[in-house]
Amino acid sequence: MRDSSNWKPTSYRTHTIGQVVEGGESLVGSEVTVAGYAETVRGRGAICFLMLRDGTGRIQAFLKKDNMEESLFEAIQSATRESTIQVTGVVAKKRPPKVAEGEPMPPPEFEVSVGSGTILAEAATPLPVGITDEVNVGLDVRLDNRHLDLRRTHVNAMFQLRSKVLQYGREHLITEGFQEINSPKIIAAAAEGGTNLFPMKYFETDAYLSQSPQLYKQLAVLGGLERVFEIGPAFRAEKHDTYRHLNEFVSFDIEGAWMDDEDVMGVQERMIHYIWKEISHNDMSLIGVVNEYRESQGKGPVTVEAPELPFPRIPYCEAIEIVKSGGGEIQWGDDIESHHCDIIASQYPGFHFIPRWPMSMKPFYIHHKQGEEGSEGGQLSRGFDLNFGRDEMTSGGAREHRVEVLEQNLRDVGLDPADFTFYTDGFRYGAPPHAGWGLGVARLLMVLTGAGNVREVVLFPRDRSRVTP
RNA sequence: GCCCCGAUGGUGUAGUGGCCUAUCAUGCAGCCCUGUCGAGGCUGCGACCCGGGUUCAAAUCCCGGUCGGGGCGCCA
C-alpha cells in the first residue's frame with residue numbers, strides 16, 4: 001500500500017484509508033469520510049462489517065442498523081464485493097481480538113463507525129478474477145481482466161516497484177549528468193538491420209514504428225547534448241513467443257559523448273547498484289508483499305541486496321571457453337544462446353557483462369578497433385551485453401563515430417548508406433566518440449520481483465497474440 | 001516457423017471407456033449465529049472448448065479446428 005501521508009483531501013474523502021490506519025490514535029473521535037472498494041461485507045443481522053480498501057490501505061467500517069438510515073444500511077449490507085463505497089463516520093479504536101493465553105496483544109487497530117454513506121458504483125457478479133480468493137488464476141485470465149488483477153495486493157506492489165525502479169534509475173542518471181530526451185516513434189527507416197518493423201501509413205508515405213531510439217539518441221549526442229537518456233517504447237514485429245519477449249516494450253536507453261564501452265558499463269552498474277540499494281532501503285515492504293504471495297504459492301522469497309561493484313566482465317572469447325568446458329556445443333562466432341547462458345550462469349549467477357563480441361555479430365553502428373581480434377582471428381567489436389543469470393538485460397557498446405567506417409559497416413550488412421543519410425550526415429561535421437546502452441525495463445523487473453514472465457510486470461502487454469485490452 | 005503438452009461451473013481443480021445424476025476448493029444466492037476479523041454453521045446455484053468419428057456405452061479413445069501452456073528458433 002502506498003504512503004499517503006502527504007496526500008490532500010479530495011471531493012470524495014477527507015482522509016485516505018492509509019491516513020486513518022496510520023493516524024489512528026490522534027483521529028479517534030473525529031469524523032472522517034473515506035472511500036474505497038468493498039473487499040468483504042460480513043454480517044446479515046443488525047450489524048455488519050465492511051472491509052474497505054483504497055490504494056493506501058484497508059480499514060474496517062462498522063455499521064449498526066440503529067445508527068443510520070435503514071435503506072442505506074441494507075444497501076451496503078447487500079453490496080457486492082469490489083463495489084465502490086464512500087462512508088462517513090467517527091474513528092474508533094477496534095475492540096481487541098481474543099488472544100490465546102500467553103499470546104501478546106497485537107497493537108491497537110482503528111475502524112470507522114459509520115453514520116452515513118453512498119454506494120458510488122456497484123460491482124457486477126461474479127468477479128472474473130477474485131481479488132482475495134485463494135485460487136491461482138492463470139496469466140491469460142488475469143491479463144484479460146487486468147483492471148481487476150491490478151487490485152490484487154501483490155500485483156499492485158509489483159507495479160509500485162516498477163515505478164520505483166524507473167524513479168531511482170532516473171535519479172541516478174541525472175546525478176551523473178544525463179538529461180532526459182524523447183525521440184520519435186514514427187520513423188522512415190530501420191534503426192538496426194535485421195529486425196522486423198511494424199509498417200504503418202504516415203499520410204501518403206510508408207513509415208514504421210520505431211524499434212529502438214538508437215540512431216536518434218546518437219544524433220542528440222552528436223548535436224552536443226553530451227549525455228542523454230530516454231525511457232520509452234520500442235516496437236518489434238518478431239514472432240517470438242517466450243517469457244521474456246514482447247512486441248512492445250519499454251527500453252531504458254542512455255548515450256554519452258567522450259565515452260567508450262567500459263565507461264558506459266560503469267554507468268550501468270552504478271545505476272543498477274543505486275536502484276537495488278534504494279529499494280532495499282525504502283521499499284522492502286513492497287518486496288514483503290510480493291514474498292507473502294510467493295510463499296502462498298510455494299515459492300521461495302526474493303531478496304534485494306545491492307550487487308557488488310564492479311560486475312564481473314566475461315569477454316565473449318572467455319564466455320565461449322566457459323560454455324565449451326561446461327559441455328556446451330559452441331564455436332567462436334556462434335551466438336551465445338539461452339542454454340549456453342545457463343552454463344555461464346552456473347559460474348556467474350548474478351549480473352555480469354559480456355563485452356567484446358565479434359564485429360560480425362553486432363549492428364553496423366558498433367565501434368571496433370583495428371587489431372583487436374578474437375582467439376581465432378575475427379575482428380572484435382566494442383559491443384557488450386549485460387546478463388542476469390540466463391537472461392539478457394542490456395545490449396550496448398561504443399559507437400562508430402568515423403563516418404567512412406560507418407558507411408562501410410552499412411554496406412557490409414547489406415544496407416544502402418543512401419537510406420541512412422539522415423543519420424550519417426550527423427557524423428560529417430565533427431563527431432565525438434560516444435557510447436551507450438539500452439536496458440529492458442521489464443527484464444530488470446523480473447529479476448527484482450522474481451516474476452517468471454515479463455507479462456507480469458507490464459501493465460497491458462502486447463505479444464504475438466494479444467492486442468487487447 | 002518447429003517440437004511437446006493441455007482445454008471440466010465465474011476462478012482454480014479431481015477424473016485415464018460403464019462406478020459421472022461429474023470431485024474438491026473458492027465464488028455466488030439464501031438462512032442461522034455473531035463485535036466479526038483470512039469469522040463460523042447450514043441449504044442451494046453453477047461446468048465436460050467447437051465440429052466430426054469409433055463404440056451397446058465417450059469428460060475419457062481417434063481426426064480436424066480454435067484457444068492456451070512449456071521448450072526452441074527468430075530476436076535482444
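Below, read A as the first sequence line, B as the second, and so on, with proteins coming before strands; counting in each chain starts at 1.
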Exercise. If we take the C1' atom in both B/G27 and B/U11, what is their distance in whole Å?
Worked result: 7 Å

For this session: May I ask you to verify whether the side chain of A/Glu337 and the base of B/G73 hold a donor-acceptor pair under 3.5 Å?
Result: no

For this session: Could you let me know what B/G30 is paired to, Watson-Crick or G-U wobble, both distances under 3.5 Å, or none if it's on its own?
Result: B/C42

Problem set entry | Min side-chain heavy-atom separation A/Glu248-A/Leu209 under 4.5 Å | no

For this session: Describe the nucleic acid contact of A/Asp140 in one word from base, sugar-phosphate, nothing, applying a heavy-atom distance below 4.0 Å.
Result: sugar-phosphate

For this session: Quickly work out the A/Arg466 CZ to B/C67 P distance and round it to whole Å.
Result: 13 Å

Exercise. With both distances under 3.5 angstrom, what nucleotide forms a Watson-Crick or G-U wobble pair with B/C20?
Worked result: none

Seminar exercise, completed: Result for side-chain contact (heavy atoms from CB on, under 4.5 Å) between A/Phe229 and one of A/Asp253, A/Val267, A/Leu173 points to A/Leu173

Exercise. Where each residue is assigned the nucleotide of RNA chain B containing its nearest heavy atom, which of A/Ser78 and A/Val129 is assigned the position nearer the 5′ end?
Worked result: A/Val129

For this session: Return the value, rounded to whole Å, for the distance between atom CD of A/Gln60 and atom C1' of B/U34.
Result: 12 Å

For this session: Using the P atom as the reference point in each nucleotide, state the distance between B/G70 and B/C32 in Å, no decimals.
Result: 47 Å

For this session: Mind checking A/Gly138 for me? I need base, sugar-phosphate or nothing, with any heavy atom below 4.0 Å counting as a touch.
Result: sugar-phosphate

Exercise. In whole Å, what separates the C1' atom of B/C74 from that of B/C67?
Worked result: 23 Å

For this session: Provide the Watson-Crick or G-U wobble partner of B/G1, both distances under 3.5 Å; none if there is no partner.
Result: B/C72

Exercise. Mind checking the P distance from B/U8 to B/U55? Whole angstroms is fine.
Worked result: 29 Å

Seminar exercise, completed: Pairing partner of B/A14, by Watson-Crick or G-U wobble and under 3.5 Å for both distances, is none

Problem set entry | Closest listed nucleotide, where the reference is the side chain of A/Val137 and the choices are B/U36, B/U11, B/C74 | B/U11

Exercise. Hey, does the side-chain of A/His245 have a donor or acceptor N/O within less than 3.5 Å of a partner on the base of B/C75?
Worked result: yes

Exercise. For the base of B/C75, is there a side-chain donor-acceptor partner from A/Lys239 under 3.5 Å away?
Worked result: no

Problem set entry | Base partner of B/U36, which must satisfy Watson-Crick or wobble distances under 3.5 Å | none

Exercise. A/Arg464 near the nucleic acid: base, sugar-phosphate alone, or nothing, with a heavy-atom cut-off under 4.0 Å?
Worked result: base

For this session: Please check if any side-chain donor atom of A/Thr132 sits under 3.5 Å from a side-chain acceptor atom of A/Arg53, or the reverse.
Result: no

Problem set entry | Distance, P atom - from B/C28 to B/U36, rounded to whole angstrom | 22 Å

Exercise. Do A/Glu269 side-chain atoms and A/Phe311 backbone N/O form a donor-acceptor pair below 3.5 Å?
Worked result: yes

Exercise. So which nucleotide from B/G27, B/U36, B/G73 ends up closest to the side chain of A/Asp133?
Worked result: B/G27

For this session: May I ask you to test the A/Tyr293-A/Met158 pair for a side-chain heavy-atom distance under 4.5 Å?
Result: no

For this session: Output yes when a side-chain donor or acceptor of A/Asp463 lies under 3.5 Å from a complementary backbone atom of A/Ser465, and no otherwise.
Result: yes

For this session: For the residue pair A/Leu215 and A/Tyr365, establish whether any side-chain heavy-atom pair is separated by less than 4.5 Å.
Result: yes

For this session: Calculate the interatomic distance between A/Asp335 atom CG and B/G73 atom P; express it in whole Å.
Result: 9 Å

For this session: Could you tell me the separation between the CD1 atom of A/Ile59 and the P atom of B/C37, rounded to a whole number of Å?
Result: 18 Å

For this session: Check the side chains of A/Asp391 and A/Tyr243 for a donor-acceptor pair under 3.5 angstrom, ignoring hydrogens and angles.
Result: yes

For this session: Measure from the side-chain N and O atoms of A/His368 to the backbone N and O of A/Gly383, and report whether any donor-acceptor pair falls under 3.5 Å.
Result: no

Problem set entry | Nearest-Å distance once atom C1' is located in both B/C3 and B/C20 | 35 Å

For this session: Write down the distance separating the P atoms in B/G9 and B/A22, rounded off to the nearest Å.
Result: 14 Å

For this session: Answer yes if the side chains of A/Ser360 and A/Lys362 hold a donor-acceptor pair under 3.5 Å, and no otherwise.
Result: no

Exercise. Of the nucleotides B/G10, B/C28, B/G73, which has the atom closest to the A/Thr125 side chain?
Worked result: B/C28

Seminar exercise, completed: Paired to B/A7 by Watson-Crick or G-U wobble criteria (both distances under 3.5 Å) is B/U66

Problem set entry | Minimum-distance nucleotide to A/Thr242 side chain [options: B/G73, B/G12, B/C75] | B/G73

For this session: Please work out if A/Asp144 contacts a base, only the sugar-phosphate, or nothing of the nucleic acid, heavy-atom cut-off 4.0 Å.
Result: nothing

For this session: Measure from the side-chain heavy atoms of A/Pro126 and tell me the nearest of B/G12, B/G10, B/G35.
Result: B/G10

Exercise. With distance as the sole criterion, is a donor-acceptor pair present between the side chains of A/Gln160 and A/Asn156 under 3.5 Å?
Worked result: yes

For this session: Determine, for nucleotides 41-46 of chain B in 5'-to-3' order, which nucleotides have protein heavy atoms under 4.0 Å from the base (write B), from only the sugar-phosphate (write S), or from neither (write -).
Result: ------

Exercise. Just checking A/Ser465: base, sugar-phosphate only, or nothing, at a heavy-atom cut-off of under 4.0 Å?
Worked result: sugar-phosphate

Exercise. Rounded to whole angstroms, how far apart are CD on A/Glu238 and P on B/G73?
Worked result: 14 Å

For this session: Send over the distance from A/Leu127 CG to B/C28 P, rounded to a whole Å.
Result: 7 Å

Seminar exercise, completed: Testing B/A39, B/G10, B/G35 for proximity to the side chain of A/Arg42, the answer is B/A39

For this session: Return the value, rounded to whole Å, for the distance between atom CG of A/Asp342 and atom P of B/G71.
Result: 11 Å

Exercise. With a 4.0 Å cut-off on heavy atoms, is A/Arg81 in touch with a base, just the backbone sugar-phosphate, or nothing at all?
Worked result: sugar-phosphate

Problem set entry | Separation of the P atoms in B/A58 and B/C75, to the nearest angstrom | 50 Å

Exercise. With a 4.0 Å cut-off on heavy atoms, is A/Gly130 in touch with a base, just the backbone sugar-phosphate, or nothing at all?
Worked result: nothing

Exercise. Taking the side chain of A/Tyr243 as heavy atoms from C-beta outward, which of B/U26, B/G71, B/G35 is closest to it?
Worked result: B/G71

Seminar exercise, completed: Here the distance between atom P of B/G35 and atom CD of A/Glu111, to the nearest Å, is 13 Å

Problem set entry | A/Arg390 vs B/C72: side-chain N/O to OP1/OP2 distance below 4.0 Å | yes

Exercise. Toward the 5' end of RNA chain B, which comes first, A/Ile336 or A/His339, by nearest nucleotide?
Worked result: A/His339

